[in-house]
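Read the structure below first, then the notes.
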Amino acid sequence: MSKELWTNVDDYLEQLFIEDDKALRSAQDRSREEGLPSISVSPVQGKFLMLLVGLVGAERVLEIGTLGGYSTIWMARALPPSGKMITLESSPHHARVAAANIDAAGLSERVEIKVGRAVETLAIMAGEGAGPFDLIFIDADKPGYADYLDWSLKLSRPGTLIVADNVVRNGAVAEVDSADENVRGVREFNKLLSETDGIDATVLQTVGAKGYDGMAFAVVR
Ligand code: SAH
Ligand code: DHB
Ligand code: MG
């Protein structure tokens, strides 16, 4: 079992399930040209997020960690005309690239990018009475994940779906005393997720072109 095999299978699945799409392709091209790291969700994962938005019937979606807006475009497309998405990004450069990508996808009316460190933006949003959101996707810096879960719960209602990317970290998440701050952050998040009253949660391991990782899912009761 190897990353080469997982990548071959991802290629095969993409050919079957992912239609060639100019906006998504251009978003990845522009992000690469602008020097953004290639750490977006994969095409099949993006489509999965799109399906979740539809399944939940979400009208209000919050994303923490925009990068070039690739996952944003997938999710925003599943919103009804009245739907709105807010996405949080600390890097002004990433936010500018994302804004161009979201605009080119024809979604700028539906998506608002808030630039700043997410803990600060989330505190401001909560103070302004933002939310509740129907679906929240956590995908920013891993040491911040536990804080993002706290804020997500404050911005939720019963039935809100919280999804978090990268919670398995190539399997390193099972290491009790990892020195890697990302692994520690994700372990803290998973522990908090498992111990928080009033949510039902699980984690699925994933493999593919992006390697070996996992996504967490929690529904607020
Ligand atoms: N969701 C994107 C990938 C996000 S990558 C996709 O799948 O297409 C993580 C992003 O989080 C990066 O762009 C990074 O700049 C941003 N980030 C890192 N620390 C952050 C912070 N403290 N607040 C907000 N965004 C942050
Ligand atoms: C990293 C971040 C991500 O959101 C991701 O999907 C993959 C990798 C990272 O920071 O290494
Ligand atoms: Mg991620």
Side-chain angles (χ1 to χ4, degrees), residues 3 6 10 18 21 23-32 34-50 52-53 61-77 85-102 105 107 111-125 135-152 162-173 178 180-186 189 203-217:
K3 188 164 173 200
W6 306 336
D10 244 353
I18 309 295
D21 183 284
L24 287 167
R25 195 162 16 86
S26 310
Q28 295 299 55
D29 289 346
R30 190 196 316 262
S31 297
R32 196 178 332 98
E34 292 285 347
L36 273 54
S38 44
I39 55 172
S40 69
V41 296
S42 70
V44 295
Q45 290 172 338
K47 185 159 182 186
F48 181 63
L49 292 173
M50 185 191 89
L52 288 180
V53 171
V61 173
L62 173 64
E63 175 177 64
I64 308 174
T66 316
L67 191 66
Y70 183 76
S71 54
T72 319
I73 293 170
W74 273 111
M75 288 188 278
R77 278 182 171 170
M85 176 159 178
I86 294 176
T87 182
L88 313 184
E89 174 55 55
S90 60
S91 157
H93 178 57
H94 293 185
R96 269 194 302 276
V97 174
N101 286 336
I102 289 160
L107 293 165
V111 179
E112 180 187 352
I113 306 172
K114 288 183 183 283
V115 185
R117 280 165 29 92
V119 277
E120 286 158 24
T121 318
L122 288 162
I124 293 167
M125 285 172 61
L135 187 152
I136 302 176
F137 180 49
I138 301 174
D139 194 20
D141 57 304
K142 311 314 163 193
Y145 265 36
D147 282 340
Y148 302 150
L149 178 58
D150 280 335
W151 284 113
S152 295
I162 299 171
V163 180
D165 197 22
N166 312 119
V167 298
V168 171
R169 311 289 311 178
N170 203 29
V173 74
S178 171
D180 182 329
E181 61 170 4
N182 296 317
V183 174
R184 296 173 76 95
V186 160
F189 170 83
V203 169
L204 295 183
Q205 301 186 68
T206 58
V207 295
K210 303 275 165 175
Y212 167 34
D213 217 319
M215 272 195 199
F217 303 91

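Order of listing sets the numbers, starting from 1, for every ligand and every atom in it.
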* To do: Just need the protein heavy atom nearest to atom 23 (N) of ligand 1, so name the residue and atom and give the distance.
  =>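 Result for atom 23 (N) of ligand 1: Ala118 N, 2.9 Å.
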* **atom 25 (N) of ligand 1 [closest protein heavy-atom partner, distance rounded to 0.1 Å]** =>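 The protein heavy atom lying closest is Ser90 N, 3.2 Å.
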* Which residues pass the side chain to side chain donor-acceptor pair (under 3.5 Å) test with Asp21, sequence neighbours left out? ->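 Side chain to side chain donor-acceptor pair (under 3.5 Å) check on Asp21 returns Arg77.
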* Asked: Are any of the heavy atoms in Gln45 under 4.0 Å away from ligand 1?
  ->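 It does not; every heavy atom stays at 4.0 Å or beyond.
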* Asked: Going by heavy atoms, is Gly46 under 4.0 Å from ligand 1?
  ->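 No, Gly46 has no heavy atoms under 4.0 Å from ligand 1.
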* **Flag for Tyr212-Gln205: side-chain donor and acceptor within less than 3.5 Å** =>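 There is such a pair (donor and acceptor under 3.5 Å, judged by atom type) between the side chains of Gln205 and Tyr212.
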Could you go through ligand 2 and note, for every N or O atom, any protein N or O atom closer than 3.5 angstrom, writing the atom names and distance to 0.1 Å, or 'none'?
{"from": "ligand 2", "atom 1": "4 (O)", "to": "Asp139", "atom 2": "OD1", "distance (Å)": "2.8"}
{"from": "ligand 2", "atom 1": "4 (O)", "to": "Lys142", "atom 2": "NZ", "distance (Å)": "3.0"}
{"from": "ligand 2", "atom 1": "4 (O)", "to": "Asn166", "atom 2": "OD1", "distance (Å)": "2.8"}
{"from": "ligand 2", "atom 1": "6 (O)", "to": "Ile39", "atom 2": "O", "distance (Å)": "3.1"}
{"from": "ligand 2", "atom 1": "6 (O)", "to": "Asp165", "atom 2": "OD2", "distance (Å)": "3.2"}
{"from": "ligand 2", "atom 1": "6 (O)", "to": "Asn166", "atom 2": "OD1", "distance (Å)": "2.9"}
{"from": "ligand 2", "atom 1": "6 (O)", "to": "Asn166", "atom 2": "ND2", "distance (Å)": "2.8"}

* Asked: Is Val203 close to Val168 at the side-chain level, that is, under 4.5 Å between some pair of heavy atoms?
  ->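 In contact.
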* To do: For the residue pair Leu67 and His94, establish whether any side-chain heavy-atom pair is separated by less than 4.5 Å.
  =>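 Sidechains of His94 and Leu67: in contact.
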* Which of the listed options, Asp141, Val115, Ile138, holds the heavy atom that is closest to atom 19 (N) of ligand 1? ->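 Among Asp141, Val115, Ile138, the closest heavy atom to atom 19 (N) of ligand 1 comes from Asp141.
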* Asked: Once you round to the nearest 0.5 Å, how far does CD1 of Ile64 lie from CG of Leu88?
  ->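 Those atoms lie 5.5 Å apart.
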* Check: Ser40 main-chain N/O paired with Lys210 side-chain donor or acceptor under 3.5 Å ->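 Yes, Lys210 side chain to Ser40 backbone: donor-acceptor pair under 3.5 Å.
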Side chain, backbone, both or neither: [X] near ligand 1, heavy atoms under 4.0 Å:
{"X": "Thr66", "answer": "backbone"}
{"X": "Tyr148", "answer": "side chain"}
{"X": "Glu89", "answer": "both"}

* Asked: Is there a side-chain contact (heavy atoms from CB on, under 4.5 Å) between Phe137 and Val61 once you walk through the steps?
  -> CA-CA 8 Å; Phe137 180 49; Val61 173; 5.8 Å; no
* To do: Please name all residues satisfying side chain to side chain contact (heavy atoms under 4.5 Å, CB included) with Ala209, sequence neighbours left out, ordered by chain then number.
  =>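 Ala209: side chain to side chain contact (heavy atoms under 4.5 Å, CB included) contacts with Thr7, Asp10.
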* Protein N/O/S neighbour count - the Mg ion (ligand 3), strictly under 2.8 Å ->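 If we list every protein N, O or S atom nearer than 2.8 Å to the Mg ion (ligand 3), we get 3.
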